[in-house]
Amino acid sequence: QDQLAESGGGSVQAGGSLTLSCLVPGYGSGKKCAAWFRQAPGQKREGVAVIYVNNQGSDYSDFVRGRFTISHDTAKRMVYLQMNKLRPEDSGMYYCASIPWGGGNCYEFHEADFTYWGQGTQVIVSS
């Protein structure tokens, strides 16, 4: 019941766009924020964007700032990641994750604080 579920990945050419979606059970009632992480083959997983459920804002890693937009629909318990001007280096597995109320600081992107994770959705950007 606490399993997050991502969708929307796929293949796109450089400069293109994709929108990822994530169903976050308990978003708002049991979970205070949601974030997107990504992991390229052979690389460490890195935080991409985060959003708080109660309009405390959102934040982005520098490498996507200005190109990606995180948003949510709290009534539907959905979190989205609109990705524009995609680059080959944006390729990887994208994961949705969430922190429960009383948990750590969402903005710090500490993986250990994100208790709930999805299975990931693959994004491939070709040059």
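All of these numbers come straight from a predicted model, not from anything done at the bench. Because only heavy atoms are used, hydrogens play no part in the values below, and waters and symmetry mates are left out as well, while side chains stay in.
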Does any non-hydrogen side-chain atom of [Y] lie less than 4.5 Å from one of [X]?
{"X": "Arg45", "Y": "Glu111", "result": "yes"}
{"X": "Trp117", "Y": "Leu4", "result": "no"}
{"X": "Leu81", "Y": "Thr19", "result": "no"}
{"X": "Glu46", "Y": "Ser61", "result": "no"}
{"X": "Val79", "Y": "Ile51", "result": "yes"}
{"X": "Leu18", "Y": "Leu86", "result": "yes"}
{"X": "Cys106", "Y": "Ile99", "result": "yes"}

Are [Y] and [X] linked, directly or through intermediate hydrophobic residues, by side-chain heavy-atom contacts shorter than 4.5 Å (ILVMFWY only)?
{"X": "Phe37", "Y": "Tyr27", "value": "no"}
{"X": "Val12", "Y": "Val64", "value": "yes"}
{"X": "Val24", "Y": "Val50", "value": "no"}

If only atom types and distance count, is the side chain of [X] paired as donor or acceptor with the main-chain N or O of [Y] below 3.5 Å?
{"X": "Tyr60", "Y": "Ile70", "result": "yes"}
{"X": "Lys32", "Y": "Gly103", "result": "yes"}
{"X": "Lys31", "Y": "Trp101", "result": "no"}
{"X": "Ser98", "Y": "Tyr116", "result": "no"}
{"X": "Thr121", "Y": "Gly9", "result": "yes"}
{"X": "Glu6", "Y": "Gln119", "result": "yes"}

Between Phe68 and Trp36, ring centroids under 6.0 Å: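 So the answer is no for these two rings.
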Would you compute the distance between atom [atom1] of [X] and atom [atom2] of [Y] and round it to the nearest 0.5 angstrom?
{"X": "Asp59", "Y": "Cys33", "atom1": "CG", "atom2": "SG", "result": "11.5 Å"}
{"X": "Tyr52", "Y": "His72", "atom1": "OH", "atom2": "NE2", "result": "13.0 Å"}
{"X": "Ile124", "Y": "Asp90", "atom1": "CD1", "atom2": "CG", "result": "13.0 Å"}
{"X": "Ser21", "Y": "Lys76", "atom1": "OG", "atom2": "NZ", "result": "10.0 Å"}

Ser126/Gln13 under side-chain hydrogen bond (donor to acceptor under 3.5 Å, both in side chains): CA gap, chis, key distance, verdict: CA-CA 5 Å; Ser126 56; Gln13 289 193 326; 4.9 Å; no
Whether Phe109 and Phe114 hold their rings parallel, tilted or perpendicular, with breakpoints at 30° and 60°: parallel
Please name the pair of heavy atoms, one in [X] and one in [Y], separated by the smallest distance, quoted to 0.1 Å.
{"X": "Ser91", "Y": "Ala40", "result": "O-CB, 3.8 Å"}
{"X": "Gly26", "Y": "Arg77", "result": "N-CD, 4.1 Å"}
{"X": "Val53", "Y": "Gly28", "result": "CG2-CA, 3.6 Å"}

Side chain to side chain contact (heavy atoms under 4.5 Å, CB included) partner of Tyr80, chosen from Cys22, Ser71, Cys96: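 Only one of Cys22, Ser71, Cys96 forms a side chain to side chain contact (heavy atoms under 4.5 Å, CB included) with Tyr80, namely Ser71.
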Among Met93, Met83, Arg38, the one residue meeting side chain to side chain contact (heavy atoms under 4.5 Å, CB included) with Val123: Met83
Test log, rule side chain to side chain contact (heavy atoms under 4.5 Å, CB included), inputs Val125 and Arg87: CA-CA 6 Å; Val125 184; Arg87 305 166 180 168; 5.5 Å; no
Salt-bridge contact Arg65-Asp62 (side-chain N to carboxylate O under 4.0 Å): yes
